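By convention in this document, chain letters (A, B, ...) are assigned in the order of the sequence lines, proteins followed by strands, and residues within each chain are numbered from 1. Since this is a predicted model, take the numbers as computed values, not measurements.
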There are 2 protein chains.
Amino acid sequence: MSVEDGIDFAIIELFFFAYRDFTSDPDQILADYGFGRAHHRVLHFVNRRPGLTVAELLDVLKITKQSLARVLKQLIDTDHVVQLQGPRDRRQRELYPTAKGRALALALARPQSRRIRAALEDSGATERALVERFLEAMVNPELRAQIDVGSAKMSGKSHGEH
Amino acid sequence: MSVEDGIDFAIIELFFFAYRDFTSDPDQILADYGFGRAHHRVLHFVNRRPGLTVAELLDVLKITKQSLARVLKQLIDTDHVVQLQGPRDRRQRELYPTAKGRALALALARPQSRRIRAALEDSGATERALVERFLEAMVNPELRAQIDVGSAKMSGKSHGEH
DNA sequence: GAAATTACGTCAATAGTACTGACATAATCT
DNA sequence: AGATTATGTCAGTACTATTGACGTAATTTC
């Protein structure tokens with residue numbers, strides 16, 4: 001169905017609409033802080049992978065360090081993120097969320113999670129797994145390593161407050 | 001699994017990565033034309049809903065007419081899109097793709113469709129329907145009318161070349 | 001038929017996010 | 001000691017988006 005010229009227009013369009021609305025919820029909240037989507041992404045990944053270095057963050061986001069600079073500086077200046085000198089390599093800066101940063105990251109994730117829950121409302125674990133599998137398969141194969149689907153990597157890595 | 005603080009971080013992240021890579025394919029092609037993502041979106045919807053008016057396009061894209069102006073002008077100047085005076089209301093401008101515009105829209109959609117096909121490789125119609133249902137459910141309910149999943153609306157609307 | 005509204009176009013100013021290129025500093029590696 | 005690496009920063013540019021204001025032509029309303 002809705003495959004014209006062998007092109008899957010239906011899912012192409014659905015993906016556009018779905019992502020547009022998916023990002024609209026946090027955008028509202030971010031506006032109150034004078035932040036944009038870039039701040040959201042940085043905060044999200046610092047929160048999810050506390051202690052990641054600047055280089056690792058750049059690699060995950062696939063942006064340049066000049067693009068990151070302003071956004072990261074603002075998050076540090078507003079006390080949402082802190083930098084600690086790397087323990088092994090003192091050139092590195094490990095990034096950690098503050099309590100304030102974690103709270104904001106959570107506030108931003110909440111409506112998105114709510115939207116996902118609603119979309120999977122009448123679905124069981126099978127359907128959920130299928131959606132996860134589909135989304136993962138949409139990611140470039142060589143980049144799937146970046147994805148941290150399981151919670152294993154997180155559980156032992158509580159660095160507390162900084 | 002991977003639901004911390006009751007937040008579905010797994011799908012939030014997967015959605016980010018999936019959409020990033022999903023848009024990266026056409027971005028490469030667009031660069032050759034000096035176009036950006038905005039041009040892609042306009043071209044896509046003009047192609048999908050030939051004859052739609054400027055106001056309808058703004059409503060679908062959820063941007064302002066000032067944002068659309070430059071992009072649409074460039075697409076018209078480069079002979080990818082044409083404007084025709086509305087038959088009923090002559091204030092309106094109906095937008096149609098040219099053959100050139102259709103060719104570009106198709107070239108942009110091809111790698112995206114290929115990616116979707118690969119992601120659904122070992123899936124049947126059931127799984128495909130499930131993914132469609134999920135994506136549709138992610139869209140704001142009041143905006144689902146915009147989505148043109150079926151091909152019914154398209155089939156009889158071939159306006160030919162302009 | 002005059003007045004209000006609508007559809008569209010355009011000018012000006014601003015913001016957010018991204019880019020390339022270049023250069024500096026400190027730390028680590030060879 | 002010299003090369004490389006990790007990070008920071010300065011300068012310039014591009015793309016997409018915004019708000020606000022104004023103009024024109026066509027349609028609707030009274």
remark   = When rounded to whole Å, the CG to P distance for the pair A:L43 and C:dT17 reads 13 Å
inquiry  = If only side-chain N and O atoms count, and only distance matters, is there a donor-acceptor pair under 3.5 Å linking B:R20 with A:N140?
reply    = no
ask   = Out of A:R114, A:R117, A:R128, which residue meets the salt bridge (Lys or Arg N to Asp or Glu O under 4.0 Å) rule with B:D8?
value = A:R128
ask   = Quick one: what's the B/S/- string for nucleotides 12-21 of chain D, heavy-atom cutoff under 4.0 Å, read 5' to 3'?
value = ---SBBBBBB
task = Rounded to the nearest angstrom, tell me the gap between atom CZ in B:R93 and atom P in C:dC8.
result = 7 Å
Exercise: identify the closest heavy-atom pair between B:D25 and B:P111 = CB-CB, 3.7 Å
inquiry  = Distance check needed: D:dA6 P versus A:L95 CG, whole Å only.
reply    = 14 Å
key: Nucleotide D:dA6, atom P - distance to CG of A:D59 in whole Å   = 11 Å
task = Only pairs at least two apart or in different chains count here, so list each salt bridge (charged side-chain N to carboxylate O under 4.0 Å, His left out) that has a residue in residues 81-90 of chain B.
result = B:D89-B:R91
request  = Output yes when A:R48 and B:E13 qualify as a salt bridge under the 4.0 Å nitrogen-oxygen rule, no when they do not.
outcome  = yes
query = To the nearest Å, how far apart are A:L72 CG and D:dT9 P?
reply = 10 Å
message = Quick check: A:F45 with B:F16 (ring centres under 6.0 Å apart)?
response = yes
request  = Indicate whether any N or O donor in one side chain lies under 3.5 Å from an N or O acceptor in the other, for B:Q74 and B:H80.
outcome  = no
inquiry  = Nearest whole Å is fine: how far is C:dT17 P from A:K73 NZ?
reply    = 16 Å
query = According to a strict under-4.0 Å criterion, is A:Q83 in side-chain N/O contact with OP1 or OP2 of D:dG8?
reply = yes
query = Parallel under 30°, tilted from 30 to 60°, perpendicular over 60°: which one fits the rings of B:Y19 and B:F22?
reply = tilted
query = Roughly, in whole Å, what's the span from CG in A:L61 to C1' in C:dC19?
reply = 15 Å
ask   = Are B:L106 and B:N47 side-chain neighbours, meaning at least one heavy-atom pair lies under 4.5 Å?
value = no
Atom pairs, protein N/O to nucleotides 26-30 of chain D N/O, distance under 3.5 Å:
unit_1, atom_1, unit_2, atom_2, d
D:dT27, OP1, B:R90, N, 3.1

inquiry  = Whole angstroms only, please: what is the CG-P distance between A:L30 and C:dA15?
reply    = 18 Å
